Structures are given as structure tokens and as C-alpha cells.
> 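Questions regarding the structure given below will be posed in turn.
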Amino acid sequence: MSLASIQKHATDWVADCPLSTLALALIGAGWLGSYALSFARMLVDLARPGIPLSRFGAKKGAWAVVTGATAGIGRDFALQLAAAGFNVFLASRTTSKLEEIAQEIAAQYPSVQTKIHAIDFSSANADYAGLKQVLDSLDVGVLINNVGKSYDEPTFFQDLPEQDMTDIVEINVNATLKVTKIVVPGMISRKRGLILTVGSFASLIPSPLLAVYSGSKAFVSTWSQALGSELQGTGVEVELLNTYFVVSKLSKIRKSSWMIPTPKTYVRSVLSHIGVRGGAVGQPHISTPYHGHAPVQWVVDHLFSHRFWLNYNRKLHLDIRRRAIRKREREAAKAIKGE
Ligand SMILES: NC(=O)c1ccc[n+]([C@@H]2O[C@H](COP(=O)([O-])OP(=O)(O)OC[C@H]3O[C@@H](n4cnc5c(N)ncnc54)[C@H](OP(=O)(O)O)[C@@H]3O)[C@@H](O)[C@H]2O)c1
Ligand SMILES: *[C@@H]1O[C@H](CO)[C@@H](O)[C@H](O)[C@H]1NC(C)=O
């Protein structure tokens with residue numbers, strides 16, 4: 001078929017079409033177009049370089065404070081921020097683990113200073129005054145609100161031990177607020193700062209059987225976006241990191257894949273994409289920077305209904321719960337045989 005004949009066919013088709021069909025076709029094209037545009041925007045954004053860490057005082061004597069710094073994602077934030085030239089302040093529960101990572105940093109990056117601070121963020125009488133006293137004397141350029149607690153296994157709310165419920169709120173919500181409140185005034189007066197809070201896809205769609213964890217992450221997500229907007233123009237950048245699965249003790253996932261990075265890969269993508277929205281297309285103060293997580297958020301945000309995803313999460317967690325129970329039963333049976 002020649003071009004001219006295609007053109008003629010098309011004009012004839014349009015001329016023969018009832019107006020309503022044409023309108024529907026246009027709406028459909030517009031709808032598809034906006035989806036394609038949003039997906040393209042995510043890809044272009046992910047290819048963009050992030051704000052350089054020097055903006056926040058790297059190699060200029062500034063400190064990076066990392067909570068939950070001895071394992072998983074927090075440990076890699078500590079190592080990679082040290083590599084980038086920040087002095088690092090490490091806060092976690094266990095002194096021996098803190099000493100270990102401080103020694104590792106000192107050995108690898110001799111010009112970097114480290115301080116360790118043992119604190120149990122689950123304790124209602126954790127010594128925040130003591131923490132404030134130390135942090136007030138430091139030029140804090142970066143805060144990584146990383147410490148977090150989830151369920152041991154997906155559990156119905158009525159069966160969740162009261163202690164777990166309190167610990168999750170105390171660690172995920174209270175500690176995040178209290179530590180941020182300590183460092184924000186200094187950052188504002190120095191006109192530079194970066195506050196990253198590790199959020200979770202568990203707040204993108206509510207997660208049945210992880211209700212308290214899911215709610216705590218929704219809290220920090222909303223709070224962090226509001227804080228980011230409050231601090232606009234002060235030189236303090238605030239970002240909620242929307243995180244899907246990462247290999248760690250908390251996720252109980254041991255094998256990495258394209259969609260489930262190691263903490264090292266995940267943190268590398270975060271630190272090279274500061275200010276980049278990635279999968280959180282058009283959502284100020286949220287970043288979904290890892291290339292395997294970004295399309296997942298795009299799909300959740302754009303396709304199917306809220307009800308669909310809520311049901312999907314419910315089935316997923318019921319299934320994980322069943323498997324966890326079966327595994328416990330197998331191990332209990334093995335233990336009895338072994339006796
Ligand atoms: N892994 C994932 O798939 C995933 C997905 C989405 C979001 N996240 C979020 O990422 C963050 C880090 O998770 P992760 O997977 O890296 O966890 P992780 O491997 O279990 O590491 C947790 C860190 O926090 C410290 N910690 C735990 N309880 C503490 C307490 N009460 N007081 C002080 N420090 C404490 C631990 O050290 P000590 O035991 O020595 O205290 C450790 O350094 C959390 O906010 C989590 O919700 C993770
Ligand atoms: C968290 O902080 C609030 C407000 O300071 C306090 O009332 C509450 O007891 C703390 N702990 C929990 C688990 O809510």
C-alpha cells in the first residue's frame with residue numbers, strides 16, 4: 001500500500017466515524033500517551049546524575065549520622081559515606097558491633113573520623129539528651145534515619161505481642177522524629193544538610209498482617225514529605241527513600257536479584273541519585289532510586305486499583321505467614337528427633 005492510499009484510508013475512516021467513537025479514540029490515545037510519558041519521565045530521571053555529596057559537606061569535615069549502622073542498609077550507608085569523605089557517627093544498640101565497623105572504616109579510610117554511640121531506640125527512656133549533647137558539638141551534614149523494626153513474621157494485629165507493637169512505634173516513628181529534631185537546627189543555621197529516611201513499599205499500599213509496620217512507614221513518609229516542603233529554600237534537602245526488598249536480616253532474604261539488591265548496591269544507587277525521584281514520578285521529596293524498584297512503584301502507582309493491590313498484599317503476606325509457620329513446625333519436629 002502506498003503512503004497516499006494509507007492516508008486516503010485514514011481520512012475515509014475518520015470521515016465515516018461517528019463523533020463519539022472519535023472522541024473515545026482521542027481520550028484513549030491521550031490516556032496511553034500520558035502513561036507512556038510518565039514512564040519515560042521515570043527513565044530519563046533515573047539517568048540523571050544526583051546532587052553531589054560535596055553540597056552537604058563531604059571532604060570538608062562534615063559528619064554523617066547513621067542510625068542502625070551495624071548491619072544491612074545502615075552499615076553500607078556508613079561505609080559509603082565514609083568513602084565519600086564524611087566523618088561518620090554510628091548509632092546502634094550493640095557496642096561490640098559498633099566498634100567492629102568503626103575499626104573497619106578507620107582501616108579503609110584513614111582520613112575519616114568515626115564516633116560510635118550505643119543507644120537502644122526501642123527503649124522509652126533512651127538517652128536522647130545525651131545524644132543531643134554529642135551531636136550539638138558536630139557539624140552534621142547528613143542524617144540517615146535508617147534504624148527500623150518489622151514483624152518477625154506476618155501476624156494478625158490482635159495476635160501481635162504488645163512489646164513488638166510498642167517497639168515498632170518507638171523505633172520507626174519516635175526515634176526518627178527525635179534524632180531529626182536534634183540535627184535540624186544546626187543544618188538550617190549552616191544552610192546545608194541532607195536528611196534521608198528509609199521508608200518502605202509497605203506504605204505505598206497498606207500491608208495486611210504487617211499493619212503496625214506499614215502504618216509506621218506511612219507516618220514517616222507523610223512526615224518526611226511535609227518536612228521537606230517546610231525546609232525548602234533553607235539548603236536542607238529532605239527525602240523519603242521508598243525501598244522495596246533489599247537483602248538483609250530484617251527482610252530475611254539472603255539472595256540478591258535484579259529486583260532485590262544487596263545493601264551495597266542499594267545504597268550506591270541512593271547516594272548517586274540524591275534529588276532524583278526515579279520511580280516516584282512527580283512526587284516531591286520522595287525518591288525511588290534503585291532501577292529494580294522504580295518500575296515496581298510505577299506499576300503500583302499507575303496500574304490496577306487500590307483494592308487490587310491491597311488484596312495482592314493480603315494474599316502475599318498470608319502466604320509468607322503460612323510458609324513461616326510450616327518452617328517453624330519442621331524445625332520443631334527436627335529438634336524433637338534430634339533429642
Ligand atoms: N531490607 C529490606 O528489604 C527493607 C525494605 C524496606 C525498608 N527497609 C528499611 O530499611 C531500614 C534498615 O533495615 P535493614 O534491612 O538494613 O535491617 P537490619 O539488617 O536488621 O539492620 C538493622 C540495624 O539497626 C540496628 N538496630 C536494631 N534495633 C535497634 C534498636 N532498638 N536500637 C538501635 N539500633 C537498632 C541493628 O544493630 P543492633 O542489632 O546492634 O542494634 C542494625 O544495625 C529499616 O528502616 C527498614 O524498615 C528495609
Ligand atoms: C512515642 O512518643 C510519644 C510522644 O512523645 C510518647 O507519648 C510515646 O509514649 C512514645 N512511645 C510510643 C511507643 O508511642
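On a predicted model such as this, the values are computed, not experimentally measured, just so you know. Counting convention: from 1, in listed order, for ligands and their atoms alike. Heads up: numbering here begins at 1 and tracks the sequence.
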> Whether Arg277 and Glu239 form a salt bridge (side-chain N of Lys/Arg under 4.0 Å from carboxylate O of Asp/Glu) is what I want to check.
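A salt bridge is present here (some side-chain N lies under 4.0 Å from a carboxylate O).
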
> Distance to 0.1 Å, residue and atom name: give those for the protein heavy atom nearest to atom 27 (C) of ligand 1.
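Answer for atom 27 (C) of ligand 1: Arg93 NH2, 3.5 Å.
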
> Can you name the atoms of ligand 1, numbered from 1 with element, that are less than 4.0 Å from a heavy atom of Ser122?
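This gives 31 (N) as the contact atoms.
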
> Considering distance alone, does some N or O of Tyr213 sit under 3.5 Å from an N or O of ligand 1?
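Between Tyr213 and ligand 1 (N or O atoms, distance only) the closest approach is under 3.5 Å.
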
> Test of understanding: given a 4.0 Å heavy-atom threshold, classify the contact between Lys217 and ligand 1 as side chain, backbone, both, or neither.
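Side chain only.
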
> Geometry only, no angles: is Gly68 polar-contacting ligand 1 at N/O separations under 3.5 Å?
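Between Gly68 and ligand 1, an N or O pair is found under 3.5 Å apart.
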
> Taking the minimum heavy-atom distance to atom 48 (C) of ligand 1, which of Thr70, Ile73, Val246 ranks first?
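The option holding the nearest heavy atom is Ile73.
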
> Could you tell me the residue and atom name of the protein heavy atom closest to atom 31 (N) of ligand 1, and the distance to it rounded to 0.1 Å?
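Protein heavy atom at minimum distance: Asp120 OD1, 2.8 Å.
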
> Can you find an N/O atom of Val247 closer than 3.5 Å to an N/O atom of ligand 1?
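Not met; the criterion fails.
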
> Tell me whether Phe121 has any N or O atom under 3.5 angstrom from an N or O of ligand 1.
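Yes, at least one N or O pair falls under 3.5 Å.
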
> Is the CZ atom of Arg41 crowded by more than 12 outside heavy atoms at less than 6.0 Å?
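Check fails, neighbour count at 12 or below.
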
> Do me a favour and list the nearest non-hydrogen protein atom to atom 14 (O) of ligand 2 with residue, atom name and distance?
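Scanning the protein heavy atoms, the shortest distance from atom 14 (O) of ligand 2 goes to Val169 CG1, 3.6 Å.
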
> The test is side chain to side chain contact (heavy atoms under 4.5 Å, CB included); show your working for Ile274 and Phe56 and say whether it passes.
CA-CA 11 Å; Ile274 305 298; Phe56 309 107; 4.1 Å; yes

> Looking at Asp319 and Arg323, is there a salt bridge between them, counting it only when a charged N and a carboxylate O are closer than 4.0 Å?
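The answer is yes: the pair qualifies as a salt bridge.
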
> For atom 13 (O) of ligand 1, what's the nearest protein heavy atom and its distance?
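Atom 13 (O) of ligand 1 sits closest to the protein heavy atom Leu250 CD1, 4.1 Å.
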
> What about Gly199: any of its N or O atoms under 3.5 Å from an N or O on ligand 1?
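Not met; the criterion fails.
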
> Using only heavy-atom distances, determine whether the side chains of Gln283 and Asn242 contain a donor-acceptor pair under 3.5 Å.
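Judged by distance alone, the side chains do not pair up.
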
> Looking only at the side chains, is there a donor atom on one of Glu100 and Ser96 sitting less than 3.5 Å from an acceptor on the other?
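No.
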
> What residue and atom, counting heavy atoms only, is the protein's closest point to atom 14 (P) of ligand 1, and at what distance?
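The closest one turns out to be Ser248 OG, 3.7 Å.
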
> How far is atom 6 (C) of ligand 1 from the closest protein heavy atom, and which atom is that?
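For this ligand atom, the closest protein heavy atom is Thr243 O, 3.4 Å.
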
> Using a 4.0 Å cutoff against the non-hydrogen atoms of Thr166, which atoms of ligand 2 qualify?
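Counting from 1, the qualifying ligand atoms are 13 (C).
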
> For the residue pair Ser287 / His273, report whether a side-chain donor-acceptor contact shorter than 3.5 Å exists.
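Short answer, no.
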
> Can you report which non-hydrogen protein atom sits closest to atom 13 (C) of ligand 2, along with the distance?
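In this structure, atom 13 (C) of ligand 2 has Glu170 OE1, 3.2 Å as its nearest protein heavy atom.
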
> I need the atoms of ligand 1 closer than 4.0 Å to a non-hydrogen atom of Tyr244, numbered in the order shown.
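In order of numbering, the contacting atoms are 3 (O), 5 (C), 6 (C).
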
> Could you see which bit of Ala202 sits under 4.0 Å from ligand 1, with heavy atoms only: side chain, backbone, both or neither?
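Near ligand 1, Ala202 shows nothing, with every heavy atom at 4.0 Å or more.
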
> For atom 44 (C) of ligand 1, state which one of Val220, Val66, Asn146 supplies the nearest heavy atom.
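It is Asn146 that holds the nearest heavy atom.
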
> With heavy atoms only and a cut-off of under 4.0 Å, state how Asn174 meets ligand 2: side chain, backbone, both or neither.
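For Asn174, only side-chain atoms sit under 4.0 Å from ligand 2.
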
